[in-house]
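Each remark here refers to the structure printed beneath this line.
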2 protein chains.
Amino acid sequence: MRSGELARLCGVSPDTLRHYERLGILPKPPRTSGGYRDYPTEAAARVRLVRSALSVGFSLPELATLLRMRSGGQFPCRETRRLAESKLVEVKRQLKGLKGMRGQLESILSDWDARLARTAKGQPAHLLETLPDRLSRTKQAAPFPKNQRSKSKP
Amino acid sequence: MRSGELARLCGVSPDTLRHYERLGILPKPPRTSGGYRDYPTEAAARVRLVRSALSVGFSLPELATLLRMRSGGQFPCRETRRLAESKLVEVKRQLKGLKGMRGQLESILSDWDARLARTAKGQPAHLLETLPDRLSRTKQAAPFPKNQRSKSKP
DNA sequence: CTTGACCCTGGAACCGATTCCAGGGTGTAA
DNA sequence: TTACACCCTGGAATCGGTTCCAGGGTCAAG
């Protein structure tokens with residue numbers, strides 16, 4: 001199977017397949033005489049595995065590690081489970097942050113609508129200025145993935 | 001007030017202040033004879049405005065646009081409101097996706113625990129392989145911000 | 001023989017907010 | 001005068017997953 005076909009089959013682009021191969025996530029397939037990749041049928045299962053793992057929060061480097069250990073004869077089941085658990089923790093953290101944002105936005109919008117109703121067109125309503133007061137009381141959890149960069153010097 | 005002091009006061013880094021200034025979000029302050037920025041007291045309010053707008057989903061370019069219009073004598077109240085509304089829509093979209101992920105992860109973990117309980121140490125449990133089947137039935141909403149890149153050629 | 005669809009490669013762009021860097025000045029206290 | 005903390009600048013790095021690029025090959029149908 002050539003890359004375009006496998007890509008269509010899995011709902012990804014051929015570029016993405018090459019990318020997975022570069023990261024060691026998709027095994028290098030044999031080549032045809034013309035230099036084309038010739039994927040075995042199992043490749044589709046592997047790609048779908050990767051896609052579904054991504055969709056629950058695994059990262060490509062993590063998958064690379066797990067899949068490489070496996071092809072090295074190990075079975076990182078416990079590591080895999082622990083990783084999934086940490087994904088759940090992270091998802092819960094982000095959920096908390098997003099729910100906070102949703103509540104803030106809803107109350108902001110109703111407040112702003114009230115202000116706009118009593119503000120003539122072309123006049124300042126100073127909407128943005130109302131944000132800091134509103135948000136100063138409640139602490140927000142970051143709704144984006146935690147990518148901790150070291151603040152320490154090497 | 002020098003940059004370090006304002007930064008401490010607002011809980012950001014001096015680098016971040018410079019960044020805001022580069023984007024036209026924080027007005028250029030006067031300089032001391034030594035070339036240091038000398039922020040007026042109002043600067044802190046502006047920085048806090050920006051921080052709080054960021055925390056509910058506004059982006060720096062969006063803030064730059066709004067704040068520039070304002071300093072140009074306009075009052076983009078309606079635009080501001082519409083923008084906030086679109087942020088709420090986006091937050092709801094992400095919430096849907098994250099809730100889906102949470103459910104998936106929870107059921108995955110309990111399934112994996114059952115599998116691990118009946119798998120001897122050092123033996124393969126094939127945890128990752130169970131993902132595609134589990135996820136194939138339900139469609140997931142992307143839990144990350146939609147950054148649509150055009151697929152069309154110029 | 002030409003068209004057109006497909007494939008190859010390594011490297012770079014993209015998103016956004018923040019941080020880091022090198023190489024150089026300012027200002028104050030011991 | 002010599003530490004030391006702080007500040008300046010423009011440009012680049014960072015995170016991750018995907019896409020894009022140029023310049024070139026493969027291969028079937030017409």
Side-chain angles (χ1 to χ4, degrees), chain A residues 1-26 28-39 47 50-65 87 90 142-154, chain B residues 1-8 10-26 28-39 47 50-65 87 90 140 142-154:
Chain A
M1 194 188 328
R2 293 192 306 183
S3 61
E5 193 182 351
L6 178 61
R8 251 189 316 278
L9 207 59
C10 300
V12 302
S13 74
D15 269 330
T16 298
L17 294 180
R18 281 200 327 111
H19 187 46
Y20 291 173
E21 184 177 324
R22 278 195 273 215
L23 294 181
I25 285 176
L26 192 56
K28 299 195 180 196
R31 300 297 181 112
T32 67
S33 56
Y36 290 1
R37 288 178 180 78
D38 188 21
Y39 290 100
V47 174
V50 172
R51 297 255 93 196
S52 50
L54 283 177
S55 81
V56 293
F58 286 83
S59 74
L60 290 179
E62 284 164 352
L63 289 171
T65 302
K87 297 309 173 192
E90 171 63 15
F144 43 80
K146 244 180 191 164
N147 54 338
Q148 64 295 16
R149 296 187 59 185
S150 70
K151 279 192 178 180
S152 58
K153 310 212 167 188
Chain B
M1 192 188 326
R2 294 193 306 184
S3 60
E5 193 182 352
L6 178 60
R8 251 189 315 278
C10 300
V12 301
S13 74
D15 269 331
T16 297
L17 295 180
R18 282 200 327 113
H19 188 46
Y20 291 172
E21 183 178 325
R22 278 196 274 216
L23 295 181
I25 285 176
L26 192 57
K28 298 194 180 194
R31 300 296 182 112
T32 68
S33 57
Y36 291 0
R37 289 177 179 79
D38 187 21
Y39 289 100
V47 174
V50 172
R51 302 300 299 176
S52 51
L54 283 176
S55 82
V56 292
F58 285 83
S59 73
L60 290 180
E62 285 165 351
L63 288 171
T65 302
K87 297 308 173 193
E90 170 63 14
Q140 308 276 332
F144 43 78
K146 244 180 191 165
N147 56 338
Q148 64 292 21
R149 295 188 59 186
S150 70
K151 278 192 177 181
S152 58
K153 308 211 169 187

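Because the structure is a prediction, the values reported are computed rather than measured. Just so it is clear: chains get the letters A, B, ... in the order the sequence lines come, proteins before strands, and each one is counted from 1.
The separation between B:D38 atom CG and D:dC7 atom P is 12 Å, rounded to whole Å. The interatomic distance linking A:L6 (CG) with C:dC7 (P) rounds to 10 Å, in whole Å. Regarding B:R51, its CZ atom lies at a distance of 13 Å from the C1' atom of C:dG16, rounded to whole Å. In this structure, B:L63 places its CG atom 12 Å from C1' of C:dA17, rounding to the nearest Å. Straight-line distance from the CZ atom of A:R8 to the C1' atom of C:dC7: 12 Å, rounded to whole Å. With rounding to whole Å, B:R37 atom CZ is found 15 Å from C:dT26 atom P. The CG-P distance, from A:L60 to D:dC15, rounds to 14 Å in whole Å. If you take CG of A:L23 and C1' of D:dG16, they are 10 Å apart, rounded to a whole angstrom.
Just one residue in the list B:L26, B:L63, B:V12, B:L23 forms a side chain to side chain contact (heavy atoms under 4.5 Å, CB included) with B:V50, and that residue is B:L63.
Residues passing the side-chain contact (heavy atoms from CB on, under 4.5 Å) test with A:T65 are A:M69, sequence neighbours excluded. With sequence neighbours left out, B:R18 forms a side-chain contact (heavy atoms from CB on, under 4.5 Å) with B:D15, B:R22, B:R37. Among residues two or more places apart in sequence or in another chain, the side-chain hydrogen bond (donor to acceptor under 3.5 Å, both in side chains) test is passed with A:S59 by A:E62. Partners of A:S55 according to the side-chain hydrogen bond (donor to acceptor under 3.5 Å, both in side chains) rule, which considers only residues two or more places apart in sequence or in another chain, do not exist here.
When all heavy atoms are compared, the tightest approach of B:P29 to B:Y39 is CG-CE2, 3.5 Å.
Of the candidate nucleotides D:dT19, C:dT9, C:dC20, C:dC20 has the atom lying nearest to any side-chain atom of B:D15. Of the candidates C:dT9, C:dA17, C:dT19, C:dA17 carries the atom nearest the B:L54 side chain, counting heavy atoms from C-beta on.
Among pairs with a residue in residues 50-61 of chain B, none fulfils salt bridge (Lys or Arg N to Asp or Glu O under 4.0 Å), at least two apart in sequence or across chains.
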Pairs: protein N or O with nucleotides 26-30 of chain D N or O, under 3.5 Å:
from   : atom 1 : to    : atom 2 : distance (Å)
D:dT26 : O4'    : A:Y36 : OH     : 3.2
D:dT26 : O2     : A:Y36 : OH     : 2.9

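Regarding contacts with the backbone of C:dT19, a side-chain N or O of B:T16 is found under 4.0 angstrom from either OP1 or OP2. The phosphate of D:dT9 (OP1 or OP2) has a side-chain N or O of B:R31 nearer than 4.0 angstrom. The side chain of A:S59 contributes no N or O atom lying less than 4.0 Å from OP1 or OP2 of D:dG16. Taking only side-chain nitrogens and oxygens, B:R22 never comes nearer than 4.0 Å to OP1 or OP2 of D:dG10. Not one side-chain nitrogen or oxygen of A:S3 sits closer than 4.0 Å to the OP1 or OP2 atom of C:dC6.
When heavy atoms are screened at a 4.0 angstrom cut-off, B:P14 is found touching no nucleic acid atom at all. Residue contacts for B:R18: at a heavy-atom cut-off of 4.0 Å it reaches a base atom on one of the strands shown.
Annotation: of the two residues near DNA chain C, A:E5 and B:Y20, the 5′-most nearest-nucleotide partner is A:E5.
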